[in-house]
Amino acid sequence: MISIQTADFAPDVEYQALRGEGEDTGAIVTFTGLVRDFGDRQGVTGLFLEHYPGMTEQAIQALIDQAHQRWQIQRTRVIHRVGNLDLGERIVFVGVASAHRKDAFAACEYLIDALKASVPLWKKERGTDGDHWVEQKASDRQPGF
Amino acid sequence: MISIQTADFAPDVEYQALRGEGEDTGAIVTFTGLVRDFGDRQGVTGLFLEHYPGMTEQAIQALIDQAHQRWQIQRTRVIHRVGNLDLGERIVFVGVASAHRKDAFAACEYLIDALKASVPLWKKERGTDGDHWVEQKASDRQPGF
Amino acid sequence: MSETTVTVLFFARLREELETDRLTLPVSPGDTVGDVLSRLAARGGRWAQLQGDQPVMIAVNQTMARPGTALSGDDEVAFFPPVTGG
Amino acid sequence: MSETTVTVLFFARLREELETDRLTLPVSPGDTVGDVLSRLAARGGRWAQLQGDQPVMIAVNQTMARPGTALSGDDEVAFFPPVTGG
């Protein structure tokens, strides 16, 4: 499940969806990203997030397909919020269910790393010294992109 | 927060506790382990979990102290259930909050790996061919323990 | 021969600085993304940054592309800064 | 001189197979965990496994220990199989 949405989401709803109906799931790993009060600069008061409707969802689906090829995983949920977000709000959720914990950890970390490197989403920090578009960190870059 | 308990726990309550009151948290990573229908053998119908009251909590606290030394993390929650558990039930929860996602992932995976290797907890599988105590996997062993 | 056009989209910092989120450009057979970039950069002013020092990412029909990618009529071309989601 | 004792605890498979979760044993000055293990194993039957092929983990006062660890009066000694939680 992939969703790009302005609305918030609920961790327990996502957990239930990842758990599924069967009894072959042994591990659920989730990552939640929050708006924090420092980023490129200090004094961040909120974020504005923009995406490329259509391509964003396709790019995330391609990452999920790759994760299914590389690891033994059962279900994934990726939610990314867009629009204006305040401090402390949830920005992004990546959840992976697997029979095995190592696959769940590896796939979850891969999905959020690859999302930051290659999915068309852009963050603008609103701050005490004005607004500015966040620059991509060298550590978030992927070779060949 | 460490809890060894027979009762279940709620992902959203744990999420809220990890989120904390401040606005410096950027990443929350959680691991949930579930009872699945195969383990050492096929046909698992449930688990019985035993612990060493007192030592179990101390051993988990020592792991959390080590995680705080190795990574920049803000809050942790470790919950492990004991007693009889049915298929699909939650067994264990490890949650880590950090300013940075890589620290949150690394500390969360470390805590569950080290817990499996070195914390006095034992699992008995109840199954269609009787009950048996689970053997420690070579991959879960830690040198020197 | 009827005119062939592509739609060009801009996102994030580029969208704001160019004060444009979408435009339609005529293209000729054999034109590449690089040709479109050159034509837009030649407008001067803020448009020059499309061939400046800062990296510009390219997508054609919602798939990552390069300046050498050839264009066809009705293609959707997008230019945007390196991504920063997550 | 009053008698000195330690409490010995067993967990999981050992607890079940020895049909014992706790017992009290006299110790002499200088006794180690290994001495206690030998004395218990000498009971024979299921107790022999305490010095058998399967690994037996040791804790003294709720901290991991080794056969060479020296014991004092009122120590809490625990024997258990390799852990399998999580």
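When reading the values below, keep in mind they use all heavy atoms of this one structure, side chains included, and skip hydrogens, waters and symmetry mates. Chain letters run A, B, ... following the sequence lines, proteins first, then strands; residues in each count from 1.
Residues A/Gln136 and C/Val83 have side chains in contact (heavy-atom distance under 4.5 Å, counting atoms from C-beta outward). Using a 4.5 Å heavy-atom cutoff, the side chains of C/Glu16 and A/Trp133 are in contact. The shortest distance between side-chain heavy atoms of C/Arg13 and A/Glu50 does not fall below 4.5 Å.
Environment of CZ in C/Arg43: crowded, with over 12 heavy atoms of neighbouring residues, nucleotides or ligands closer than 6.0 Å.
With chain C as the partner, the residue from A/Val134, A/Leu47, A/Ile112, A/Leu115 showing the most heavy-atom pairs under 4.5 Å is A/Val134. Ranked by non-hydrogen atom pairs under 4.5 Å with chain C, the options A/Leu49, A/Thr56, A/Leu121 are led by A/Leu121. Among C/Glu76, C/Gln54, C/Arg15, the residue with the largest count of heavy-atom pairs under 4.5 Å with chain A is C/Arg15.
For the pair A/Trp122 (side chain) and C/Phe11 (backbone), a donor-acceptor distance under 3.5 Å is absent. C/Thr84 contributes no side-chain N or O that, together with a main-chain N or O of A/Glu135, makes up a donor-acceptor pair within less than 3.5 Å.
For residues 70-100 of chain A, the interface with chain C (any heavy-atom pair closer than 4.5 Å) comprises A/His80, A/Ile91, A/Val92, sorted by residue number.
Contacts of A/His51 with chain C are made by backbone atoms alone, with heavy-atom separations under 4.5 Å and no side-chain atom involved. With a 4.5 Å cut-off on non-hydrogen atoms, A/Lys124 touches chain C through its side chain but not through its backbone.
The two atoms that bring C/Gln62 and A/Met55 nearest to each other are OE1-N, 3.0 Å, heavy atoms only.
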